[in-house]
Amino acid sequence: MIDPDQAGSSTYDAIVIGAGISGMYFIYRLREMGLTAIGFEAGSGVGGTWYWNRYPGARFDSESYSYGYSFSEEVLNEWEWSEHFASQPETLRYLNFVADKFDLRRDIRFNTRVSKAYYNEMDGLWRVETETGDRASARFLLTAVGILSEPYIPDFPGADTFEGKKWHTSTWPHQPVDLGEKRVGIIGTGATAVQLITEVAKNVGDLTVFQRTPNYCKPLRNSPIDKATQAEIKASYAEIFDKCRRSFGGFIHDFDTRSALGVDEEERLEFYERLWNERGFGFWLGSFIDILSDVEANQTVTEFVRKKIRERIDDPDVAKLLVPKCHPFGTKRVPLESGYYEAYNRENVHLVDLHSSPIQCFTETGIKTSSTEYEFDVIIYATGFDAVTGALNRIDIRGENGISLKEKWADGPRTMLGMQTVGFPNMFITAGPHNASSFCNVPRCLEQNVEWITECIGYMRDHEYTHIEATAEAEGEWTDHVLEAADETLFPEVDSWFMGANIPGKKRVFLNYVGGTQNFREKCDVIAADNYKGFTFR
Ligand code: NA7
């Protein structure tokens with residue numbers, strides 16, 4: 001390991017990019033190991049996703065008690081979640097509580113966005129530069145930049161001419177925003193918009209939603225956690241996390257091993273009805289095992305949800321627009337909602353179908369579609385993210401011989417376990433492509449990522465290795481495995497951020513890992529136990 005005194009004050013064992021859930025945990029683990037680390041964070045505080053996404057209605061879709069860090073008994077004992085699905089302000093308070101508890105901020109530089117990271121073969125160190133002119137070097141480059149952290153704003157003609165206010169949901173202003181008397185336009189109807197629209201509709205002058213593709217939304221069924229339940233949760237954290245560890249998606253829900261077609265209709269509908277009435281994602285990730293892989297099995301659940309949606313909307317024409325027709329249930333991220341459909345029953349909420357009348361341009365006063373001109377005080381982009389690879393590509397990352405990560409991945413990512421890529425020695429990626437964390441109750445997988453990576457660094461220290469790199473063969477095998485696992489499902493048939501298909505010009509290829517988080521963990525463990533088979537050390 002590098003002696004910082006010998007190599008200069010800005011040289012560390014590790015540089016961590018990002019101070020969200022994985023970045024914070026990296027800082028904690030590296031410090032515990034006696035290593036030096038510096039974190040660079042673009043925001044002015046910790047929290048990552050929960051720091052940036054301050055829009056009204058932002059909250060967990062994971063059960064709160066399955067979402068927090070599991071590594072510290074003290075944190076588990078001291079923190080109390082107030083609701084089954086905590087809101088963004090509460091989650092940000094939680095992450096600040098963890099940062100305070102372990103005094104993490106002293107190793108993080110805030111308001112500091114990394115612009116460049118390049119590997120120097122001469123000394124085997126990574127050098128990092130920030131937009132604010134900081135420089136640092138380290139043996140290990142640990143990226144913790146998030147899955148959904150690079151906002152996507154479509155290039156609408158005339159956007160700059162609009163004289164009102166406009167922003168993306170992930171850069172919601174830090175000061176309170178009063179929309180009570182305002183005419184507001186929201187573009188997008190993904191998981192973010194579903195939460196936002198429900199809240200904004202309650203207190204807005206007039207709201208117009210521009211929808212391209214409707215989604216299948218499932219009721220969240222949130223409620224406060226009462227005292228008795230709180231005590232039960234605290235007493236059963238070990239079981240909760242064990243359940244998550246053994247499940248497909250890192251949730252407390254897991255698939256039923258029966259086929260949807262293996263039971264009669266009455267039993268199937270009863271099962272769907274029960275899951276529908278339960279909290280959270282059980283209806284999606286606790287359903288029959290084949291709803292995401294077999295078209296016929298999927299049709300049974302798709303029809304069930306369509307009926308549920310229709311029932312809640314007063315105007316049949318609006319209902320027609322809000323019921324998805326073109327993709328099977330569950331093949332895009334399922335938004336969880338708390339009154340979303342009823343928002344459209346309000347007189348001051350209007351839905352515009354962009355398929356029949358696409359947006360032509362922004363004007364000084366609003367938005368012009370092919371059929372109508374709308375006037376707004378505020379326009380909100382709920383248009384999603386350049387997911388999984390976007391935040392990495394924003395940084396000019398260069399490995400051996402100056403090879404650029406963005407260029408290497410132009411035809412789709414190639415990785416080993418989603419945590420390393422050939423040509424970029426000593427660089428580890430959390431929440432990257434091909435990593436279980438991209439289709440997971442995220443912190444469950446991020447903890448696994450951080451623990452696996454730091455244990456690998458510990459292994460290198462014990463063996464006096466200074467250089468680790470995945471082999472081309474292992475990278476090829478893992479990449480093939482990721483794509484084969486996706487091909488066994490219906491996901492690749494649908495355009496979504498899972499496929500990179502939401503970004504014009506982005507290679508359409510599956511970015512996540514849907515082989516199951518429990519399988520991912522097992523594969524990582526087997527590789528580590530086999531002296532990190534698939535990696536070379538020097
Ligand atoms: P999503 O799920 O990518 O949704 C983005 C929404 O924006 C979606 O409805 C898009 O319609 C719409 N969109 C994107 N570009 C355009 C243009 N050019 N015109 C009109 N509408 C557009 O992002 P979210 O932020 O909601 O959710 C991301 C993740 O965050 C989510 O999966 C959770 O994990 C949390 P489209 O469907 O592409 O037709």
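In this text the structure is predicted, and so the values were computed from the model without any measurement. Remember, it's 1-based here, ligands and their atoms both numbered in the order they're listed. Basis for what follows: all heavy atoms, side chains included, without hydrogens, waters or symmetry-related copies.
- Ligand 1 is approached by Tyr152 to a heavy-atom distance shorter than 4.0 Å.
- Residue Arg444 comes nearest to Cys244 through the heavy atom pair CD-CB, 3.6 Å, listed as atom of the first residue, atom of the second, then distance.
- For ligand 1, the atoms sitting less than 4.0 Å from at least one non-hydrogen atom of Ala191 are 26 (O), 31 (C), numbered in the order shown with element in parentheses.
- With Leu148, Asn53, Thr192 as candidates, the residue nearest to atom 27 (O) of ligand 1 on a non-hydrogen basis is Thr192.
- Residue, atom and distance of the protein heavy atom nearest to atom 28 (C) of ligand 1 are Trp497 NE1, 3.9 Å.
- In this structure, the salt bridge (charged side-chain N to carboxylate O under 4.0 Å, His left out) partners of Lys307, at least two apart in sequence or on a different chain, are Glu311.
- When the options Gln195, Lys332, His168 are ranked by their closest heavy atom to atom 37 (O) of ligand 1, first place goes to Lys332.
- Residue Leu354 has at least one heavy-atom neighbour below 4.0 Å for each of these atoms of ligand 1: 20 (C).
- The distance criterion of under 3.5 Å between nitrogen or oxygen atoms is met by Ala382 with respect to ligand 1.
- The salt bridge (charged side-chain N to carboxylate O under 4.0 Å, His left out) test with Glu337 is passed by exactly one of Arg312, Lys218, Arg59: Arg312.
- Under the side chain to side chain contact (heavy atoms under 4.5 Å, CB included) rule, Gln211 has a single partner from Leu322, Leu354, Val352, which is Leu322.
- Between Lys243 and Asp254, none of the side-chain N atoms (NZ, or NE/NH1/NH2) sits under 4.0 Å from a carboxylate O, so this pair counts as no salt bridge.
- No option in Lys165, Lys166, Lys182, Arg183 other than Arg183 meets the salt bridge (charged side-chain N to carboxylate O under 4.0 Å, His left out) test with Asp377.
- Heavy-atom contacts of Phe385 reach the following atoms of ligand 1: 25 (O) (cutoff under 4.0 Å).
- Looking only at protein heavy atoms, the nearest one to atom 12 (C) of ligand 1 is Gly188 CA, 3.7 Å.
- Asn215 contributes no side-chain N or O that, together with a main-chain N or O of Cys217, makes up a donor-acceptor pair within less than 3.5 Å.
- Counting only non-hydrogen atoms, the option in Thr213, Leu336, Val194 that gets closest to atom 36 (P) of ligand 1 is Thr213.
- Taking the centre and axis of the six-membered ring of Tyr51, the NZ or CZ atom of Arg54 falls inside the cone set by 45° and 6.0 Å.
- Below 3.5 Å of separation, one finds an N or O of Thr189 facing an N or O of ligand 1.
- Across every non-hydrogen atom of Glu41 and Ala19, the tightest pair is OE1-N, 2.7 Å.
- Across His327, Arg212, Arg333, heavy-atom proximity to atom 11 (O) of ligand 1 is greatest for Arg212.
- The contact set between ligand 1 and Ile187, taken as ligand atoms under 4.0 Å from a residue heavy atom, comprises 20 (C), 21 (N).
- Ligand 1 lies nowhere less than 4.0 angstrom from a heavy atom belonging to Phe210.
- Interface atoms of ligand 1 facing Pro154, defined by a heavy-atom separation under 4.0 Å, are 15 (N), 16 (C), 17 (C), 18 (N).
- More than 12 non-hydrogen atoms from other residues, nucleotides or ligands lie less than 6.0 angstrom from NZ of Lys408.
- No heavy atom of Gln211 sits closer than 4.0 Å to any atom of ligand 1.
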